[in-house]
Amino acid sequence: KQYEDKACKYLENKGYTILERNYTCIYGEIDIIAKDGQYTVFTEVKYRRNNEFCEPAETITACKIKRITRTAQDYISKYGDDYYRFDAVCFTGDNVEHIENIVYFE
């Protein structure tokens with residue numbers, strides 16, 4: 001939760017509007033759903049104390065992407081939107097990295 005809070009503040013400082021936090025349906029959960037201009041942005045938040053073993057973004061597995069995609073499709077079916085993308089906000093220690101369009105949805 002602490003890093004989700006930090007990610008929300010980070011995104012808001014970049015001009016995003018937070019729409020939902022911890023959106024959950026039968027398919028899974030999305031940490032943050034935000035609006036960036038015309039885009040609905042489905043955001044995964046990852047934290048690692050250090051990158052000794054791997055980068056935080058590397059922990060977003062194919063299985064996780066599938067769950068997030070299905071969850072995003074559920075959200076879109078309820079609220080509609082033509083423009084959307086999947087981002088990640090990754091924390092390594094005190095450093096933050098925002099990766100836009102980390103996965104393309106079909």
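From a predicted model like this one, the values you see are computed outputs, not experimental measurements. For this chain, numbers begin at 1 and follow the sequence in order.
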Tell me, with the steps shown, if Glu97 and Asn95 meet side-chain contact (heavy atoms from CB on, under 4.5 Å).
-> CA-CA 7 Å; Glu97 178 183 16; Asn95 297 321; over 6 Å; no
Just do the side-chain contact (heavy atoms from CB on, under 4.5 Å) check on Thr43 and Val89 with the steps written out, would you?
-> CA-CA 7 Å; Thr43 307; Val89 176; 3.7 Å; yes
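- A distance of 11.5 Å separates CD1 of Ile30 from CG of Leu19, quoted to the nearest 0.5 Å.
- Under the side-chain hydrogen bond (donor to acceptor under 3.5 Å, both in side chains) criterion, Lys9 pairs with no residue at all, not counting sequence neighbours.
- By the side chain to side chain contact (heavy atoms under 4.5 Å, CB included) test, Tyr3 is found to be paired with Lys6, Val45, Tyr47, Phe91, residues two or more places apart in sequence or in another chain being considered.
- The closest side-chain donor-acceptor pair between Asn22 and Glu4 falls under 3.5 angstrom.
- With sequence neighbours excluded, no residue forms a side-chain hydrogen bond (donor to acceptor under 3.5 Å, both in side chains) with Tyr75.
- Between Arg85 and Asp36, at least one side-chain nitrogen of the basic residue sits less than 4.0 Å from a carboxylate oxygen of the acidic one, meeting the salt-bridge criterion.
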Pair Lys35-Val41, side-chain contact (heavy atoms from CB on, under 4.5 Å): steps then yes or no = CA-CA 6 Å; Lys35 201 71 171 173; Val41 182; over 6 Å; no
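- Thr71 pairs by the side-chain hydrogen bond (donor to acceptor under 3.5 Å, both in side chains) definition with nothing, not counting sequence neighbours.
- By the 6.0 Å contact criterion, NZ on Lys14 is enclosed, its count of non-hydrogen atoms from other residues, nucleotides or ligands being greater than 12.
- Between the CZ atom of Arg67 and the SG atom of Cys25 there is a distance of 11.5 Å, given to the nearest 0.5 Å.
- Considering only residues two or more places apart in sequence or on other chains, Ile18 meets the side chain to side chain contact (heavy atoms under 4.5 Å, CB included) condition with Cys8, Leu11, Glu12, Arg21, Ile32, Ala34.
- No chain of hydrophobic side-chain contacts below 4.5 Å, direct or via other Ile, Leu, Val, Met, Phe, Trp or Tyr residues, connects Ile33 to Tyr27.
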side-chain contact (heavy atoms from CB on, under 4.5 Å) between Tyr84 and Tyr39: does it pass, once the steps are laid out?
-> CA-CA 5 Å; Tyr84 45 90; Tyr39 287 92; 5.6 Å; no
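- In this structure, the side chains of Phe86 and Ile99 stay at 4.5 Å or more apart for every pair of heavy atoms.
- Residues passing the salt bridge (Lys or Arg N to Asp or Glu O under 4.0 Å) test with Asp74 are Lys78, sequence neighbours excluded.
- With sequence neighbours left out, the side-chain hydrogen bond (donor to acceptor under 3.5 Å, both in side chains) criterion links Glu20 to no other residue.
- Of all the heavy atoms in His98 and Asp87, the pair that sits closest is NE2-OD2, 2.9 Å.
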